[in-house]
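Here the structure is laid out as structure tokens; the discussion comes afterwards.
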Amino acid sequence: MNKQNPNKMQHFNEQLPLPFLKLDKDGTIILYSTLAMEHFDLSEDHIKHIVDNESYEKLLRYSSNDKAPVVRMELNMKSRTSPVTLYEVYLTWDNELHASMILLPKDQSNMQLIEKMMSLQKRLAETDFELYEQREELEQILSRLHELSGPFIPLTDKMCLIPLFGDVTEEKINVISHSCLQSVFAGEYEDVLIDFTAVGNVEDKGIEQFVRLLKTLHVMTGKIIKIIGIKPHTAKTLNKYALEGFMEFNQSLKQVLQTHFTK
Amino acid sequence: MYCPKELAGYFLEGNTVKAWKYINEQEKLTLLDTYHAMITPAMQHIGYLWETNEISVADEHLATVTCDYVVSRLAHARLASPEKNNRKAMFLCLEGEQHYIGLKMVNSLFEEMGWDTKYYGANLPVEYILKTAEAWQPAVVGLSVSIVYHLPKLKEYIEELSKLPNPPVVIVGGRLTEKYDLKPYCSENTIILKDLKEMREWLNYEQTKSKQDAAL
């Protein structure tokens, strides 16, 4: 028996990687590991002497759970380093109504989180909310512009046209894809024409996203998507994606419509 | 109908967009009432969830940062540009204290009344505050404390501040003010305020007093 503990508390002589305690049903510590001794002052043999008062209430209330054999909870402990040290406690009861507890110190692992929180706090304190709100407004306007850059136009019950305007960017195709797929799905369209006549610059990421849209449209309609008015450079880029069977190039809307109606 | 649990849920998800939207869907209250009746109960609920073993301290940290965003943005959105009263106040949490949301709200309420403020947030050692207070000479220093073991430190902060050439009025707030008698840790002149409503009443009283003084 340890000199420091005149009570019935006993030292558990195994090298455990985390502090370990065993309590009887009244909360008296009956067994402790070497690390438990290093972390906590065990001169008193009751658990309440090493648990913060508010956490002690938590321990009393949640230490037994009929549904789970092992209870897990965070408790503030009075450790040798600080009167409030956060531990994650794993607790289980045996047949003799003794509770075994493994205590995992949490403060260190939360430290990184706290540092992150502090830097966010600082950034928030420096945030100019006027600029922030203006940016939010601009983003909304931009999204609306994107929407308007790819209107959905039904030509007949089965045929629809999506003319694209301006530069082809990833964000724009994202916005257009959403509304376009919804409309094609709802209207059960079969022939989809996409007109590139009014397109300016084409970004790689934009084309990638456009290829995804093409493939989805192809699966939905079961037909080849007709691309109109595409510039040679863009056609070349699109050809890299091996889209035979998904799409075909057409010179102009006029030509597509003539072919369609003379069928 | 406003539900603190719902707002607390968005804080715990770290969802600033939903939290901000939810607040704005409610009846538009003053800055004080939004802080007092919406933010405070939501954060108290988060504390309750830890006590009942539903969430971890890490969850609480995420909720705090999300709440900070809402509190800061509210201050911007609902703060009318006040007439400056040329009085200065600084706010800080004692060393080791991480619960700073209440203090931040108090800071905004002072700004709303025309005070010039410096807000230092969580965990500020006493040496820093003494240096700044001596140079900047605030009329008020607001301290926040939420952990019982920090009470001796509170005493130290108050004593040190009282030794300054121009000692400021010290205001103490934080969740301990409701549960404990903090007078033994304070000086005679320390003002202990339990919540934001009391804070506003004190501010109103100060405002009237300084106007009367000016009229004399």
Minimum side-chain heavy-atom gap [X]-[Y] below 4.5 Å:
X	Y	result
Tyr69(B)	Leu120(A)	no
Gln121(A)	Val65(B)	no
Lys106(A)	Val57(B)	no

Within this structure, what is the [atom1]-[atom2] distance for the pair [X] and [Y], rounded to the nearest 0.5 Å?
X	Y	atom1	atom2	answer
Leu113(A)	Glu60(B)	CG	CD	11.0 Å
Trp50(B)	Glu54(A)	CH2	CD	8.0 Å
Tyr62(A)	Glu51(B)	OH	CD	8.5 Å

Answer yes or no: are there more than 12 heavy-atom neighbours, outside [X] itself, under 6.0 Å from its atom [atom1]?
X	atom1	answer
Arg175(B)	CZ	yes
Lys84(B)	NZ	yes
Tyr48(B)	OH	no
Lys155(B)	NZ	no
His98(A)	NE2	yes
Glu198(B)	CD	yes
Asp94(A)	CG	yes
Glu25(B)	CD	yes

Inset, instruction - Just jot down the side chain to side chain contact (heavy atoms under 4.5 Å, CB included) partners of Pro163(A), sequence neighbours excluded, or say none. - result: Pro151(A), Ile153(A), Leu161(A), Phe165(A), Asp195(A)

Legend entry - Which portion of Ser82(A) sits near chain B, non-hydrogen atoms under 4.5 angstrom: neither

Legend entry - Side chain, backbone, both or neither of Glu136(A) within contact of chain B (heavy atoms, under 4.5 Å): side chain

Inset, instruction - Heavy-atom distances under 4.5 Å only: say whether Thr52(B) touches chain A with side chain, backbone, both or neither. - result: both

Inset, instruction - Identify the heavy atoms of Ile147(B) and Val84(A) that sit nearest to each other, and give their distance. - result: CG2-CG2, 3.7 Å

Legend entry - chain B neighbours within residues 206-216 of chain A, where any heavy atom lies under 4.5 Å away: none

Inset, instruction - Could you check Arg61(A), Lys58(A), Glu74(A) and say which one makes a side-chain contact (heavy atoms from CB on, under 4.5 Å) with Asn53(B)? - result: Lys58(A)

